[in-house]
Amino acid sequence: MQAEAWLLELAESSVDDLDTATLDAHERERADSFLRAEDRRLYVAAHVALRAVLGRLLGERPGELVFAREPCPCCGAPHGRPVLAVPEPPVHFSLSHTRGRVLVATAPVPVGADVECAQVPAAVRDLLPALHPRERAEVEAAADAERGAAVLSRIWARKEAYLKGIGTGLGRATTLDDLTGEPAGWTVHDLPCGPRHHGALAVHAPRSDAPAPRLHRLASPTEIQDNPLTPTGI
């Protein structure tokens, strides 16, 4: 039941002229809606990478993959976890992106992934009320402001990965779940995403059945289509 994680470290030159031909009409419309060029580049790179990863795993053309949404666990509307639009998806996936990083996770069971830019100390006070009491206590117990920001960044990446995995995203109150540990039935792994980023992957399986994910590092969004990749141990 091992998950896989695909980390793309973005350089502006790697996405400036990225071909959007594999994206569907909705993705291209969404990309065109961004006001800032850097946001558009990040969105396009993330979705091209997702399609490249899934296409490689499934032996399908990336542009022929069709996506859907599961019902939201909070309200039942069709904006829950994204899935492949087939009766029994052979693989579950999750996508996250932030400035400078794209993270794709795949697993045979529901999975959530998150990558975040590291929080700065000044942001800690504003975010503390959004944490579970045990999470808040761990941040406040940090030796200094820099360490507190690092603890908060790790917890927040784990929290978003889990909430994406269960399909609610931030529609579920962020104070309800303690991600200093692991929610029942889930395993949460920290991922090394660089000194200025924090990443996490949540798998819907007990830790005994969910070993550390294989981590692949990509140099470009389409690298996986043409090159064999060697997992990087975490």
Side-chain angles (χ1 to χ4, degrees), residues 1-8 46 50 53 70 72-74 80-83 89 91-98 101-119 123-124 127-142 147-217 231-234:
M1 199 169 290
Q2 188 172 32
E4 296 195 61
W6 315 81
L7 179 66
L8 171 62
L50 173 65
V53 167
E70 290 184 338
C72 170
C74 296
R81 185 172 48 232
V83 293
V91 65
H92 296 264
F93 66 89
S94 184
L95 173 65
S96 180
H97 53 79
T98 190
R101 295 291 187 273
V102 171
L103 181 63
V104 177
T106 63
V109 294
V111 62
D114 189 60
V115 61
E116 300 274 343
C117 291
Q119 298 290 342
V124 171
L127 288 174
L128 279 177
L131 300 181
H132 183 279
R134 280 193 291 272
E135 296 171 335
R136 192 158 56 242
E138 185 165 317
V139 174
E140 292 173 334
R147 179 58 186 160
V151 173
L152 174 61
S153 297
R154 173 181 177 268
I155 288 172
W156 196 261
R158 291 169 63 87
K159 185 179 292 289
E160 287 220 32
Y162 169 67
L163 293 175
K164 290 168 72 173
I166 64 175
T168 65
L170 295 176
R172 177 177 170 86
T174 57
T175 55
L176 294 177
D177 305 292
D178 174 21
L179 269 298
T180 60
E182 293 174 334
W186 286 79
T187 299
V188 185
H189 297 282
D190 299 314
L191 297 178
C193 295
R196 295 183 178 85
H197 294 82
H198 289 263
L201 185 153
V203 186
H204 190 22
R207 183 162 286 274
S208 59
D209 295 333
R214 287 180 293 216
L215 178 61
H216 307 268
R217 295 184 184 274
T232 301
I234 63 171

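Owing to the predicted nature of the structure, the values given are computational and were not obtained by experimental measurement. Starting from 1, each residue takes its place in the sequence as its number. Reckoned from all heavy atoms, side chains included, excluding hydrogens, waters and symmetry mates.
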Check: [X] side chain, [Y] main-chain N or O, donor-acceptor pair, under 3.5 Å:
X    : Y    : result
Q2   : A212 : yes
S96  : V115 : yes
S153 : A118 : no
H198 : Q119 : no
T187 : A205 : yes
E182 : V188 : yes
K164 : L95  : yes
H92  : V83  : no
R81  : E70  : no

Closest approach of [X] and [Y], non-hydrogen atoms and distance?
X    : Y    : result
A149 : V124 : CA-CG2, 3.7 Å
G165 : P110 : O-CB, 4.2 Å
T168 : C74  : CG2-SG, 3.7 Å
A200 : A161 : O-CB, 3.6 Å
C193 : R101 : O-NE, 2.8 Å

Is [Y] close to [X] at the side-chain level, that is, under 4.5 Å between some pair of heavy atoms?
X    : Y    : answer
L131 : K159 : yes
V111 : L201 : yes
L8   : V104 : no
H197 : C117 : yes
L191 : L7   : no
L215 : P192 : yes

- Count the heavy atoms belonging to other residues, nucleotides or ligands that lie under 6.0 Å from CZ of R147, then report whether that count exceeds 12. no
- Task: Applying side chain to side chain contact (heavy atoms under 4.5 Å, CB included) between E135 and each of L128, L179, T174, report the one that passes.
- Result: L179
I need the [X] [atom1] to [Y] [atom2] distance, nearest 0.5 Å.
X    : Y    : atom1 : atom2 : answer
D114 : S94  : CG    : OG    : 8.0 Å
T175 : R136 : OG1   : CZ    : 8.5 Å
L103 : H97  : CG    : NE2   : 11.0 Å

- Task: Check step by step if side-chain contact (heavy atoms from CB on, under 4.5 Å) holds for V53 and F93.
- Result: CA-CA 10 Å; V53 167; F93 66 89; over 6 Å; no
- Item | Sole candidate of D190, D177, D178 that passes salt bridge (charged side-chain N to carboxylate O under 4.0 Å, His left out) when paired with R158 | D190
- Task: Return the orientation label for the W186 and Y162 ring planes: parallel under 30°, perpendicular over 60°, tilted otherwise.
- Result: perpendicular
